[in-house]
Each structure stands twice: as structure tokens, then as C-alpha cells.
Amino acid sequence: QVQLVESGGGLVQPGGSLRLSCAASGRIIGINAMGWGRQAPGKQRELVAGITTGGSTNYADPVKGQLTISRDNAKNTVTLQMNSLKPEDTAVYYCNVGIINREYWGQGTQVTVSS
């Protein structure tokens with residue numbers, strides 16, 4: 001099995017910052033892209049950031065300039081630096097990893113932006 005352990009979620013005030021981390025372990029030979037998705041209340045899950053093994057990144061338009069994704073291939077970790085957070089960023093954030101021809105999702109970590 002593949003294990004994705006997420007951390008860093010919590011409550012933050014508007015304008016604040018948060019850093020999410022995810023560590024992949026287990027049966028992860030053949031790991032490819034890693035990324036983050038989120039699901040806000042009443043909305044479908046959306047992909048917000050992704051990064052390839054070579055370091056190429058992609059961001060959803062609403063979060064460009066606000067989020068930065070990075071990874072450590074040796075440690076099989078991926079992080080998401082979130083700045084200038086707004087209440088509309090409130091969501092459950094999920095770690096995502098592609099392994100060979102499958103993709104896996106973590107359990108998610110709650111991010112709440114509220115004053």
C-alpha cells in the first residue's frame with residue numbers, strides 16, 4: 001500500500017500563511033508527479049498545484065502567485081506554501097501522488113481561514 005501522511009493544516013487568519021507537507025511511503029517505486037488538491041464546502045475537489053519529478057510546476061489560475069509547491073525526490077515529500085490566505089481558501093487539502101499508472105490521495109488536512 002501507499003501511505004501519504006499530510007501535516008500543517010489548521011486555523012489561520014486572513015492574510016496569513018500556512019505550509020502543508022506530505023510524505024509518501026510504502027509501495028512507491030515508480031513515483032511520478034506529486035501535487036495538492038482541495039475541496040471547499042459545497043464545491044467539487046479541484047487540483048491547485050502539481051510538480052513533476054523534474055521540478056516543473058503547474059498551478060490553478062485562482063492560486064497563481066499565492067501558492068508555491070516544491071518536492072524532495074530523495075525523501076518523497078511534497079510541500080505547499082500558502083500565502084495571503086483568504087476565507088475562500090478554506091477547504092480540505094489533499095496530497096496527491098502518481099505511481100506508474102495510478103494516482104493516490106491522502107486523507108486530507110483541514111485549512112480554515114477565518115478572523
Side-chain angles (χ1 to χ4, degrees):
Q1 291 292 314
V2 174
Q3 292 87 44
L4 302 177
V5 181
E6 300 148 316
S7 62
L11 176 65
V12 64
Q13 296 185 40
S17 298
L18 211 59
R19 186 176 183 179
L20 308 181
S21 297
C22 175
S25 62
R27 191 167 50 86
I28 57 174
I29 300 298
I31 191 169
N32 294 307
M34 304 181 78
W36 291 90
R38 70 182 182 185
Q39 186 167 17
K43 297 183 178 180
Q44 296 189 40
R45 179 184 291 180
E46 62 176 345
L47 298 174
V48 296
I51 184 168
T52 69
T53 55
S56 297
T57 59
N58 276 304
Y59 300 94
D61 287 339
V63 301
K64 287 183 178 179
Q66 181 187 357
L67 273 57
T68 302
I69 188 171
S70 61
R71 69 185 290 168
D72 186 328
N73 290 334
K75 297 181 179 180
N76 293 312
T77 59
V78 60
T79 63
L80 186 69
Q81 179 66 47
M82 309 169 65
N83 299 321
S84 302
L85 288 168
K86 305 174 178 64
E88 51 263 42
D89 294 317
T90 296
V92 178
Y93 285 73
Y94 299 88
C95 178
N96 170 254
V97 60
I99 300 177
I100 307 180
N101 63 338
R102 295 186 179 185
E103 66 176 13
Y104 300 84
W105 294 89
Q107 294 298 113
T109 182
Q110 178 70 48
V111 172
T112 301
V113 185
S114 178
S115 60

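In what follows, every heavy atom counts, from backbone to side chain, and hydrogens, waters and symmetry copies are set aside.
By the rule that hydrophobic residues join a cluster once side-chain heavy atoms approach within less than 4.5 Å of another member, Leu85 and Val63 end up as members of one cluster. In terms of hydrophobic clustering, with Ile, Leu, Val, Met, Phe, Trp and Tyr side chains grouped at heavy-atom distances under 4.5 Å, Ile100 and Leu4 are assigned to a common cluster. Linking ILVMFWY side-chain heavy atoms closer than 4.5 Å, directly or via other members, places Trp36 and Ile99 in a single hydrophobic cluster. Neither Val97 nor Val92 shares a network with the other; the hydrophobic side chains, linked directly or stepwise wherever heavy atoms of I, L, V, M, F, W or Y lie under 4.5 Å apart, form separate groups for each.
Once rounded to the nearest 0.5 Å, the distance linking CD of Gln3 with CD1 of Ile28 reads 9.0 Å. Put simply, OG1 on Thr57 and CD1 on Ile69 are 8.0 Å apart, with the number rounded to the nearest 0.5 Å. For the atom pair OG1 (Thr77) and CG (Asp72), the distance works out to 4.5 Å, reported to the nearest 0.5 Å. Considering CE of Met34 and OG1 of Thr79, their distance stands at 9.5 Å, rounded to 0.5 Å. Taking CG of Leu47 as the start and OH of Tyr94 as the end, the distance is 12.5 Å to the nearest 0.5 Å. For the atom pair CZ of Arg71 and CG of Asn76, the computed distance is 7.5 Å after rounding to the nearest 0.5 Å.
The two residues Glu6 and Gly108 make their nearest non-hydrogen contact at OE1-N, 2.5 Å. Heavy-atom minimum distance, Arg38 versus Ala91: CB-CB, 3.9 Å. Across Ser115 and Pro14, no two heavy atoms sit closer than the pair N-CD, 3.6 Å. When all heavy atoms of Leu80 and Ala49 are compared, the pair lying nearest together is CD1-CB, 3.9 Å.
In this structure, Glu103 has no salt bridge (Lys or Arg N to Asp or Glu O under 4.0 Å) partners at least two apart in sequence or on a different chain. Not counting sequence neighbours, the partners of Val111 by the side-chain contact (heavy atoms from CB on, under 4.5 Å) test are Leu18, Leu20, Met82, Tyr93, Val113.
Residues Arg27 and Tyr104 are in side-chain contact: their nearest non-hydrogen atoms beyond the backbone lie under 4.5 Å apart. Residues Val12 and Ser17 are not in side-chain contact: their nearest non-hydrogen atoms beyond the backbone lie 4.5 Å or more apart. For the pair Asp61/Lys64, a side-chain contact is recorded, criterion being any heavy-atom separation below 4.5 Å from C-beta on. Side-chain contact between Gln110 and Thr90 is present, with heavy atoms from C-beta onward closer than 4.5 Å. At a threshold of 4.5 Å between non-hydrogen side-chain atoms, the residues Cys95 and Trp105 do not count as touching.
Asn96 places no side-chain N or O within donor-acceptor distance of the main-chain N or O of Gly37, the cut-off being under 3.5 Å.
Summarising the local packing, CG of Asn58 is surrounded by 12 or fewer heavy atoms from other residues, nucleotides or ligands at distances under 6.0 Å.
In this structure, a donor-acceptor pair under 3.5 Å is absent between the side chains of Ser7 and Ser21.
The hydrophobic side chain of Val5 is isolated, with no ILVMFWY side chain under 4.5 Å apart from it.
Asp89 and Lys86 are not joined by a salt bridge, as no carboxylate oxygen comes within less than 4.0 angstrom of a charged side-chain nitrogen.
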